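Report on one structure; see the data block that follows.
Small disclaimer: the values here were computed from a predicted structure and weren't measured.
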Number of protein chains: 2
Amino acid sequence: MHDLASRILTGEVRAAARVLRLIDDRSATGVQVLKDLFPHTGRAHILGVTGNPGAGKSTLTDRLIEAYRKQDKKIGVIAVDPSSPYSGGAILGDRIRMMRHAVDPQVFIRSVATRGHLGGLSRSARDMVRVMDAWGADVVIVETVGVGQDELEITRTAHTTLVVMAPGMGDEVQAIKAGLMETADVFAINKADREGADSTMRDVELMISLGKESLIALGKQKGHVVHGASAAAEASAHGISSANASTVEEAWTPPIHKCVAVAGKGIDELVAAITLHHRWTLETESGRLRRRRRLGEEVRESLREALIEAATNALHEELDAAVLAVEAKELDPYAAIENLVKKFLERA
Amino acid sequence: MHDLASRILTGEVRAAARVLRLIDDRSATGVQVLKDLFPHTGRAHILGVTGNPGAGKSTLTDRLIEAYRKQDKKIGVIAVDPSSPYSGGAILGDRIRMMRHAVDPQVFIRSVATRGHLGGLSRSARDMVRVMDAWGADVVIVETVGVGQDELEITRTAHTTLVVMAPGMGDEVQAIKAGLMETADVFAINKADREGADSTMRDVELMISLGKESLIALGKQKGHVVHGASAAAEASAHGISSANASTVEEAWTPPIHKCVAVAGKGIDELVAAITLHHRWTLETESGRLRRRRRLGEEVRESLREALIEAATNALHEELDAAVLAVEAKELDPYAAIENLVKKFLERA
């Protein structure tokens, strides 16, 4: 076992931070340490926290850390930033509050930028989660800012996804919410002291009931993988009939909790709901099936990245030549790809 | 040439719509038609319209269509929706206004969902653009709702990216803007009659001036591909010294235009700026270099998708077995991928 791996397993923060940097640089040592750590992972509860901009995710995450620390739990936090050359990877203003926990040796906070991840952002996030898990975190919180497909991918690395909403968002934002609905396990209506909280709550209730129906319908369509919270849909995606009573009884319906994160109100109830969902993933057949399916997605995604890396290395000159030929309209891009794949496989 | 391809080339909307459905289903006929059409593409100006939720992108797109129609131009519109089982692919409320143009035979509007694109959303968008281009569109507008990485990818398929902003957005939204800054060629400050428009304008000016510096700095770092609007950075990414005077003189600095889309104010100036940028992409060396680089990105992306498809077909059973072994902790996911890649290449 690599020295860094043993030091992480004894709970040394500095060793863990060092390995996170190695992973970021895609060093071979980083991969070696991840291999060494892997048998010692799987204990942490991975909690995704997501939602629209302005919903108050960072303030709520701060409160969740506080609540877990009262339970004497060791916490890892991965804050995903929509950073760019302009923000330079600095922690966003909203997250300053959360940083009060950074002095606590039982809390390990790291920020990751959405840009520049050669192997894909969700792979980086997964590797970071594994390091924090091996370091001894009881809960790893992955907080994503933003509402894109990338963020949805990351929530799929979590065991439990908490979607944070706030009253009084516009029409378009409402539509984006729809994408989040499918990965939601628990809802928080934050800023619940504001006008419109009840109406937001009713909207979510309606979406959940509509969603159950459409997820089940989608799950029945062959070839569709349903990324949903409905156990019936999950089972259906695995070819288990939704008419099977024991499976349907295991169904998880996402609970909705009102809270006011800035005032610390409603947090304990929310933590209880999150913990209950964690038990669902561990103790029910539907929960276990979901864990397995997500692992399968991870393996496929990593395979994709490994293949393009091998092909890019093998085909460097041919790739450039193909681009020039397509530019000159001597070759169409579809035929160009067919040729490149053929050449790569012949050479390998 | 396939019958559908010839019919598209004569400007038949029904044939074009039919092929878009074939592409969506990933039918072999769809690919055949795309191959046939390819030599007849490259004439249309591809305009990406993006920005934060609530900035008024759809209303502005509606006005842009109107302005181009006054110039007697034929228009294609691809509206990218963050749809889900919940919205079922329906046009968003915001886009209803735009649909008044759908009855105009010289306007071809199609909506595409961000979900369920096996080959990737930006590939689908690119194929749709090609069909509209071959159909005879002078301008193809690709409007994306949302702010994720996926949307940024799509803007890279455009020749010109218009970033729409509005005064009075929050802190977090401001941060997300940063990601958009890098792909922006022209800025519109919409709702400019509202309070805060001048302050938003100053923010954008500051970001542009900061961005130029950091893009140039980034471009000098070996191995970094800079997705920026600065011609100097573009040239630098291609190994052309930014000290080369003729290249620097070609630099494009994104102009900022105030408008009030709902009242139709400021639209003509905006269209003029967009047209000027189109000329920049055609008539300068920097513009041509960018076109070639984006074509290169397309080829790489398509290669990635083709490889994973081939590997998934070849490795079906081994993939499932690997997932189970990783789940049982008999194998770590990193070694599992190494084995799978090796098996795929041996078999091919």
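Chain B forms more heavy-atom pairs under 4.5 Å with one residue of T312(A), L319(A), L37(A), L340(A) than with any other, namely L319(A). Across R291(A), E330(A), E298(A), R130(A), the residue that shares the most heavy-atom pairs under 4.5 angstrom with chain B is R130(A). Comparing A335(A), P333(A), A322(A) by how many heavy-atom pairs each has under 4.5 Å with chain B, the most go to P333(A).
Between the K329(B) side chain and the H40(A) main chain, no donor and acceptor come within less than 3.5 Å of each other.
R292(B) is listed as a side-chain neighbour of V323(A), based on a closest heavy-atom distance under 4.5 Å. Residues L345(B) and F344(A) meet the side-chain proximity criterion, which asks for heavy atoms closer than 4.5 Å. Under the 4.5 Å side-chain criterion, counting only non-hydrogen atoms from C-beta, L331(A) is not in contact with F38(B).
Within residues 28-36 of chain A, the residues approaching chain B closer than 4.5 Å by heavy atoms are, in numerical order, V31(A), L34(A), K35(A).
Taking CD1 of I337(A) as the start and CD of E301(B) as the end, the distance is 10.0 Å to the nearest 0.5 Å. We find the CD-CD1 distance between E305(B) and I308(A) to be 8.5 Å, quoted to the nearest 0.5 Å.
For L315(B), the part lying near chain A is the side chain, with the backbone staying farther off; criterion is any non-hydrogen pair under 4.5 Å.
The existence of a salt bridge linking D320(A) and R293(B) is excluded, since no basic side-chain nitrogen approaches an acidic carboxylate oxygen closer than 4.0 Å.
Of all heavy-atom pairs spanning L303(A) and V341(B), the tightest one is CD1-CG2, 3.8 Å.
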